[in-house]
2 protein chains.
Amino acid sequence: MSEDNRITIKDIAKETGLSIATVSRILSGKGQHNGDTVKRVLNVAEQLGYVKNTAAVDLVKRQSHVIAVIVSNTKSNFSSSIITAIENQAAANDLDVFILYAGNNDSSSQSRAIRTVIERAVKGIILVSLELNEHVKSILADTTIPSIFLSTAVKDQSFPYVTSDNYQMGYKATEFLIKKGHRSIGLIGIPQHGSISDRIRGYEQCLHDYQIPFNDKHIQIGDCLYEDGSNALTKFENKLPITAAICASDVVAIGMMNSVKDAGYKVPDDLSLISFDGTELVDYVRPAITSVTQSFYNMGIEGVNYLLNDATIKMKYLPFKIIERQSTQKLI
Amino acid sequence: MSEDNRITIKDIAKETGLSIATVSRILSGKGQHNGDTVKRVLNVAEQLGYVKNTAAVDLVKRQSHVIAVIVSNTKSNFSSSIITAIENQAAANDLDVFILYAGNNDSSSQSRAIRTVIERAVKGIILVSLELNEHVKSILADTTIPSIFLSTAVKDQSFPYVTSDNYQMGYKATEFLIKKGHRSIGLIGIPQHGSISDRIRGYEQCLHDYQIPFNDKHIQIGDCLYEDGSNALTKFENKLPITAAICASDVVAIGMMNSVKDAGYKVPDDLSLISFDGTELVDYVRPAITSVTQSFYNMGIEGVNYLLNDATIKMKYLPFKIIERQSTQKLI
DNA sequence: AATACCACTGTAAACGTTTACATTAAACAA
DNA sequence: TTGTTTAATGTAAACGTTTACAGTGGTATT
């Protein structure tokens, strides 16, 4: 009875005396069939332990019903909201989701991941928080598989994306602190390049609009990492030349808060902190961190919807909001 | 030139005047071929933008070279270490990794995920932190695809697994606190059932060995969640009947610490805290949390190795160690 | 009684690879 | 010369589905 080989519809056909076409139709719920026959096929399939061979299905259909999500492997905890949303929205549309990791600066791991999913003729590709170099983008552009970037703006508009307006976020975060009386405001852990760096522009513009002199000593370039935050004080030569800091991510803020507290300063008394992202981490620490909270969940939803509706190329900014917690206070 | 359809080796064959067999062999580096021919094929493939159809390959080879990782979708941050390890070890063996999420108590999402990967004839399945019900386990058992559980002990030994010894961890965590003078020790957020619940047994045994009376009021069943920790004080009716607590996970400890601090208590002065896992989170908070640190990265490595070496069924415990940080202190 | 329709099922081609086996021609050995 | 080996390539079957098309027999319509 149990061969070494996997059970195929051929086996079911033999067992039931039907043709493989009929079995196939019944198993995939197409056409109309005698009720008894259906039951018989289903029973036999169950008994024999049949599992469909998706490779064969995908081959003949020339399309698989999976959505590939390629995520930056950097310690970015916000992606979990996005992924949850994608999972939910995909499940609602009877799609499977495969998640792959790729390095953000590692073009070989990027192209490997992308090749992997293109080779499988996935239904769509969602790239989360990933900046691709030109070569990898061209691989992606050469296929007819729709793709969309989340949490990254593709500067040359060659691909659709859904993200937050980094310039605006930078501006608003700065303005938030200014309105609390701060005039010496640090900017910590933002990358020099890529779409996130627009936050720097927003920061600068805001200072300018409020006639606050720009001081490049207050900016520390980084990579949105914990270390960028925890090293910030050292880089300031262990003094605090600022009364408030805007941190590139929640973990940057946490890192900075820890080193600052460990050095004997108080947050927010000696230093106000605001971070980008607003993941659950901001509530894990004390004082809880005021954040520029992004709509990550909705990004995931929008991403799947875009792929399904096969819309034309577009870019979209999702709203963000500043949620004040305990890490910021009015400068007295 | 550019059809709507994808380029296949057939197109390359036509273009080069070779047979598809030759093209196939050259593209997959098999057999021996004229150097010039090889170059020509490679060039044409590149020019035409050929991408292999993995569905066809998998179909004929009856095996895909991917490792599927099915992860519990519960907010468990430790899985990222495991996944990183799996990625690394898989890449070293030229295997692709697909990650799928499944609910821990959601048997339909579990079986969906498992079906999905079985249908694709993956090379192996790694289940991370997932307890499967009997039905789903039987699906898994019915295939010849090797699978292994990480960070979960399969109680009936029907599948191989690599995890930490939960009983021992429970025992050692308890002993650690006892040796610091604590006698009223809480146990917070541990599930009633499943392999993690062995920690309760270890806890009880340790108390017994040190002749400390067991008090079931000190145990709060939970699900390793932040809320289990943050609600703990309320469940204790806003008093602290204990001087130390063992928390089911880092986030449980953080949740408990926050609510305790918010209520005006001090950690570790009024309450010592120790948590299981020891992810980066324990260093994000102040006081940093003493933890029973597990070897997650190695779990990932071991998982892939098991699948590749096709070893016989086995179970394995990886070492853990207690790392003392700031959240525990001697009871005076 | 002839016709049309319908429910149900079968036949066979197609999807894009891989690979065992066959073939060819050149090189070499005898 | 003839036979043997070898490099390079071709032929064709196979993998497990789906699906357009073609039956078949029965029922309803005229």
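Quick caveat: nothing in here was measured; it's all calculated off a predicted structure. Chain letters run A, B, ... following the sequence lines, proteins first and then strands; every chain starts at 1.
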Output yes when at least one side-chain N/O atom of S19(A) is less than 4.0 Å from OP1 or OP2 of dG10(C), else no. yes
Scan T54(B) against the nucleic acid and name what it touches under 4.0 Å (heavy atoms): base, sugar-phosphate only, or nothing. nothing
Which part of the nucleic acid, if any, lies within reach of S24(B) when heavy atoms closer than 4.0 Å are counted: base, sugar-phosphate only, or nothing? base
Measure NZ/K10(A) against P/dT17(D) and give the value in whole Å, please. 10 Å
Ranking V60(B) and A21(B) by the position along DNA chain D of their nearest nucleotide, the one closer to 5' is A21(B)
Once the angle between the rings of F149(A) and F159(A) is folded into 0 to 90°, is it parallel (under 30°), tilted (30 to 60°) or perpendicular (over 60°)? tilted
If you look at every strand shown and take non-hydrogen atoms under 4.0 Å, does G17(A) touch a base, only sugar-phosphate, or nothing? sugar-phosphate
Among the nucleotides dA7(D), dT19(D), dT18(C), which one has an atom lying closest to any side-chain atom of S28(B)? dT18(C)
Expressed in angstrom and rounded to an integer, what is the separation of I26(A) atom CD1 from dG10(C) atom P? 9 Å
Does OP1 or OP2 of dG16(D) have a side-chain N or O of R62(B) closer than 4.0 Å? yes
I20(A) vs G35(A), nearer the 5' end of DNA chain C by closest nucleotide: G35(A)
Does the pair R112(A)/D96(B) count as a salt bridge with the N-to-O cut at 4.0 Å? yes
Shortest side-chain distance from L59(A), nucleotide among dT19(D), dT17(C), dG16(D): dG16(D)
Respond yes when some side-chain nitrogen or oxygen of T37(A) is under 4.0 Å from OP1 or OP2 of dC8(C), and no when none is. no
Which of these nucleotides, dT18(C), dA20(C), dC15(C), is closest to any side-chain atom of R25(B)? dA20(C)
Take the protein atom CG of L18(A) and the nucleotide atom C1' of dG10(C), then report the distance between them rounded to whole Å. 10 Å
Side chains of L127(B) and I114(B) in contact at under 4.5 Å (non-hydrogen atoms): yes
Tell me the interatomic distance from K61(A), atom NZ, to dC15(C), atom C1', rounded to whole angstroms. 13 Å
Locate the shortest heavy-atom distance separating T152(A) from Y161(A); write the atom from each residue and the value. O-CB, 3.2 Å
Assert: residue with more 5' nearest nucleotide on DNA chain C, out of T22(B) and A56(B), is A56(B)
Looking only at side-chain N and O atoms, does K30(B) come under 4.0 Å of OP1 or OP2 in dT19(C)? yes
Return the value, rounded to whole Å, for the distance between atom CD of Q63(A) and atom P of dG16(C). 13 Å
For P160(B) and S147(B), the nearest pair of non-hydrogen atoms, with its separation, is CG-O, 3.2 Å
Gap between atoms CG and P, on D58(A) and dC15(D) respectively (whole Å): 19 Å
With the side chain of T8(B) defined as its heavy atoms from C-beta on, choose the nearest nucleotide among dG10(C), dT17(D), dG16(C). dG16(C)
Whole angstroms only, please: what is the CG-P distance between L27(A) and dT19(D)? 13 Å
Is it true that, when you exclude K137(B) itself, more than 12 heavy atoms of the residues, nucleotides or ligands shown sit nearer than 6.0 Å to its NZ? yes
For atom CG of N53(A) and atom P of dC15(C), their distance in whole Å: 18 Å
On the nucleotide dT9(C), are OP1 or OP2 found under 4.0 Å from the side-chain N or O atoms that H33(A) carries? yes
